[in-house]
Amino acid sequence: MGRMTFCELYKVWSRKSFLISIVVILTVNVFLLWYVNLSDGTTPELSSYKALEKDLRPLSEKEKCAYLKQQYDKMQGIRIVHEILMCRALGGETGKALEAQKMEEYSDIYEKYYKIFQEESYLKYTKSMEQEDALICEAYEEMRRVASFHDDLRNIQQTRDNLGGISVFSKTKDDFSGQNIEKSAEDYSGLENVRTEFYPSKGVTTAMQNDISDILLVLSVFLFAGFFMYEEKEKRLFYLIRATAGGRTKCIAAKLLALFFHCIVIAGLIYGENLIFSADTAGLGNLFRSIQSVAPLMESNLHLNLLEYIALSVVTKAMAVFVLGAFVTFVTVVSRQSFVPYLAGGILIAAGVFLYAYIPAYASVNWLKYLNIVGLLKTENIYGGYLNFNLFDRPVSRMVLSVAAILLYGFAGVFLSILCFVKWGKFENKKIRLQWRIQMKPHTNLLRHESYKIFIMNKALPILLIFMALSGYRNLASKYTPAPKENYYQNMMLKLEGKLTPDKQEMIAVENQRYRKAFQKIEKIDEMVASGKLTEDAGEMMKEPYYSEVAFYPQFQRILKQYDFVKKTNGKFIYDTGYLYLSGVLDTGLLSDFMLITVGIILAFSHVMTMEHQRKAWHLIAATKKGKKSVIVRKLSVCFFGAFLLALTTWIARVISIQKDYPLHGLWTSLQSIPYYMESHLNIPVICWVFLLFLSEITAVLLVTLAVFLLSRLMKSQLQVIFTAVLVLLVPLIIRAMGFDFADRCSLFVLYTMFQ
């Protein structure tokens, strides 16, 4: 049996196409882990969690609580200062009234945190106030939950004692509610000595509570289950196998055992990859701390450390997908059509998704929610939560029933697969021939023919559509939240846009006079402190209102710089922040966009020339010199067109996203009106400069496409093209993203941002 099992494993794992598929699954898994955890401007980056974890590591639990409480209070104060300044930036009677109301309520907090807000010294782990606030609030709430673990245990025991001590409830002790309280108290009774050790849970949840990884794990099992039955059915080998002594039972048993080993190995690979990614980006903390130390898992009543939970979860997920694989195997045995097993498996998954999504956790039939294939893959519920099902008015543990369900489903799948294989199996595939009313005609146009081969036959079109959707969504979902200073600057500049008029001159003069008076008051107070008439503390208290008055002066200086330029050149005012985001001066998102486009182009066009090598078509194509040249030109044209659409989608999505918060006006204004470009030698309208930005990005994208095309021409294997292209085109970008600027010299990102 062992040799047969090894043979079945080798038969599938040694297939080149299967190995490539597994490599693709692992690559897609880590890519999507990175992609879905990209910050949208308001959520913290994964590296922020790791930086916080590093600061917490040497502290005791009491010191962690004190530190996070201090950071939380500071961020609450910073948010209040931000709200007051937003009211001030709003201007008008409404803005002044709101500012006065908040100042009256929070004057002491404003004075305490205003200077910290101005200096931005509160940005310790992230790049913006929104991200810092989200990180600290999340960590603080998790810390509070973990710190309250032993209080929760006492409450559970107290609830049981109260129920038993009040005679009114004596009759309810025998129903489900009473028994559930009693059982909960018993289940948690041994956890009094559990020691909690707090770290942010982001790394653990990213690695182990990942729907994408679960989907890819299921796909890998579908892939294996399809491979290990398909060949025998196609070649009708089962008729020969069944004729041998013991061939029937041993054959299907070996296949199912091989499927089980595959599930274990692939689950270990996918979640091992997740753990390595999370440890490197967000941090996992101490793997030997109790499971109750992780806030989302602290409802667990198990004596487990985090490493044991991870191992148990991986094995459970492997068992759950083995159940699915055994079911697919059973359907494969009894069906003649090759698509039916995948359809049946898809229906089973869809039913599980529906039940898990729409049955409430408190429903009387909540066991339907958790005991289907999707619910069983959610191991954070099985081992990291606590729930008792109401079965005939008796509480039964969700964990016990989940494990029992996996074993029962697995036994049923194995039994049915073996029984049907021995008794009623269908041992050949029956192909379905569909009659098309419209007959497909060969392409007489070479460009159309090559487009069909690249986009349809070799699946470049769905790849491009996926990456267009990813890139478009990433940009459209990005949130550009203007700070109070930016709101002030935006309000002023939108009023000043265009030619200089007397009304605009007067508005600038009034604002300038207001700041000048505030600075004069501050200067007089400084003189009084220097002469000894006031103490330094008294002077600082007197200057606080004037500091608030000049809070937006740095933004007003930007306005004055444009004002001087407009007077000198008879030019126009322009609100420039949106253009600075568009060019990448104020935003690092361009690197992520270029990386995403590069990956899409590599996956979409790595086969363009290798497919002719694999089908040995070059001998026919190269029959004439002109024919070969025409084919190459058409292929390159198709690739350029697809890459152009991908880059155009990214550009349009970015423009729409920026335009929502930072209006892009004044397209016919001179580029030198933008203070950042006043020293530029390009005295052209802004619209021409925007076109040059777009042109530089398109040129870089087309050069990436050309590089992939040339690699595909030089190499005979698509896998070699992908590996080499990733090494040459993508690795420098990854190094650049890690903060090593020298990598720019080895990549096309310099061209992508040439007009920055």
Side-chain angles (χ1 to χ4, degrees), residues 16 19-35 38 273 276-277 280 454 458-460 463-464 466-468 470-471 584 588-614 618 632-633 635-647 650 695-754 756:
K16 187 176 179 181
L19 290 176
I20 291 174
S21 300
I22 294 300
V23 170
V24 169
I25 284 174
L26 293 174
T27 304
V28 168
N29 181 54
V30 73
F31 170 76
L32 291 178
L33 270 177
W34 166 77
Y35 183 78
L38 286 174
E273 184 179 52
I276 292 171
F277 175 85
D280 183 59
I454 294 171
N458 286 281
K459 312 296 188 298
I463 293 173
L464 288 174
I466 288 171
F467 277 87
M468 285 179 189
L470 288 173
S471 180
T588 57
L590 290 182
L591 181 59
S592 297
D593 284 343
F594 192 53
M595 290 174 68
L596 203 59
I597 292 170
T598 301
V599 173
I601 289 171
I602 291 172
L603 295 179
F605 302 126
S606 55
H607 64 273
V608 170
M609 303 294 278
T610 58
M611 64 180 176
E612 311 297 355
H613 287 296
Q614 292 168 356
W618 278 119
I632 291 175
V633 170
K635 284 180 180 290
L636 189 58
S637 301
V638 172
C639 294
F640 279 167
F641 176 71
F644 174 80
L645 290 180
L646 178 56
T650 305
L695 189 62
S696 68
E697 293 188 14
I698 291 296
T699 303
V701 169
L702 294 182
L703 286 177
V704 169
T705 309
L706 179 61
V708 174
F709 184 87
L710 292 175
L711 289 172
S712 180
R713 179 73 180 92
L714 294 172
M715 299 175 180
K716 296 184 179 181
S717 166
Q718 184 182 5
L719 192 59
Q720 290 177 338
V721 176
I722 292 174
F723 177 81
T724 308
V726 166
L727 188 64
V728 174
L729 299 172
L730 194 59
V731 169
L733 299 178
I734 295 172
I735 296 173
R736 172 68 174 78
M738 293 169 65
F740 299 99
D741 294 341
F742 69 86
D744 279 346
R745 289 172 287 182
C746 306
S747 73
L748 290 168
F749 187 63
V750 175
L751 177 60
Y752 194 76
T753 56
M754 185 172 69
Q756 191 181 77

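Numbers here are sequence positions counted from 1.
- Using a 4.5 Å heavy-atom threshold, the side chains of L591 and L733 count as touching.
- Contact annotation: the side chain of W34 approaches that of M595 to within less than 4.5 Å [non-hydrogen atoms, C-beta and beyond].
- Interatomic distance, I698 CD1 to F644 CZ, rounded to the nearest 0.5 Å: 5.0 Å.
- Counting all heavy atoms, side chain and backbone alike, F467 lies closest to L596 at CD2-O, 3.5 Å.
- Partners of T598 under the side chain to side chain donor-acceptor pair (under 3.5 Å) rule, at least two apart in sequence or in another chain, do not exist in this structure.
- If you take CG on L730 and CD1 on I601, they are separated by 11.5 Å, rounding to the nearest 0.5 Å.
- Side-chain atoms of S606 and Q718 form a donor-acceptor pair, as typed in the model, at a separation below 3.5 Å.
- Under the side chain to side chain donor-acceptor pair (under 3.5 Å) criterion, T650 pairs with S471, sequence neighbours left out.
- When atom types are taken as modelled, the side chain of T724 and the backbone of V721 share no donor-acceptor pair closer than 3.5 angstrom.
- Not a single donor-acceptor pair under 3.5 Å links the side chain of K635 to the backbone N or O of M609.
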(request) Give the intermediate values and the outcome of side-chain contact (heavy atoms from CB on, under 4.5 Å) for residues H607 and I454. (result) CA-CA 8 Å; H607 64 273; I454 294 171; 4.1 Å; yes
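- If you take CD1 on I602 and CZ on F723, they are separated by 12.0 Å, rounding to the nearest 0.5 Å.
- The environment of F31 atom CZ is dense: over 12 non-hydrogen atoms of other residues, nucleotides or ligands sit within 6.0 angstrom.
- For A604, the side-chain contact (heavy atoms from CB on, under 4.5 Å) partners at least two apart in sequence or on another chain are A460, I463, L464.
- Heavy-atom neighbours of F640 CZ from other residues, nucleotides or ligands within 6.0 Å: above the threshold of 12.
- For the atom pair OG1 of T610 and CD of Q720, the computed distance is 9.5 Å after rounding to the nearest 0.5 Å.
- Two residues are said to be in side-chain contact when any heavy atoms from C-beta on lie closer than 4.5 Å; V701 and L646 fail this criterion.
- Residues satisfying the ring pair (Phe, Tyr, Trp, His ring centres under 6.0 Å) test with F277, not counting sequence neighbours, are none.
- The side-chain hydrogen bond (donor to acceptor under 3.5 Å, both in side chains) analysis of residues 23-32, with sequence neighbours excluded, yields the pairs N29-S213, N29-E273, N29-N274.
- A donor-acceptor contact shorter than 3.5 Å is absent between the side chain of T705 and the backbone of C639.
- The NZ atom of K459 lies 12.0 Å from the CD1 atom of I466; values are rounded to the nearest 0.5 Å.
- Every residue two or more places apart in sequence or in another chain that forms a side-chain contact (heavy atoms from CB on, under 4.5 Å) with A700 is listed here: F594, L751, Y752.
- With hydrogens and angles ignored, the 3.5 Å screen pairs no side-chain donor or acceptor of S712 with any backbone N or O of V708.
- Put simply, CD on E697 and CG on L702 are 12.0 Å apart, with the number rounded to the nearest 0.5 Å.
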(request) Might you work through the side-chain contact (heavy atoms from CB on, under 4.5 Å) test for V750 and M754, ending with a clear yes or no? (result) CA-CA 6 Å; V750 175; M754 185 172 69; 5.9 Å; no
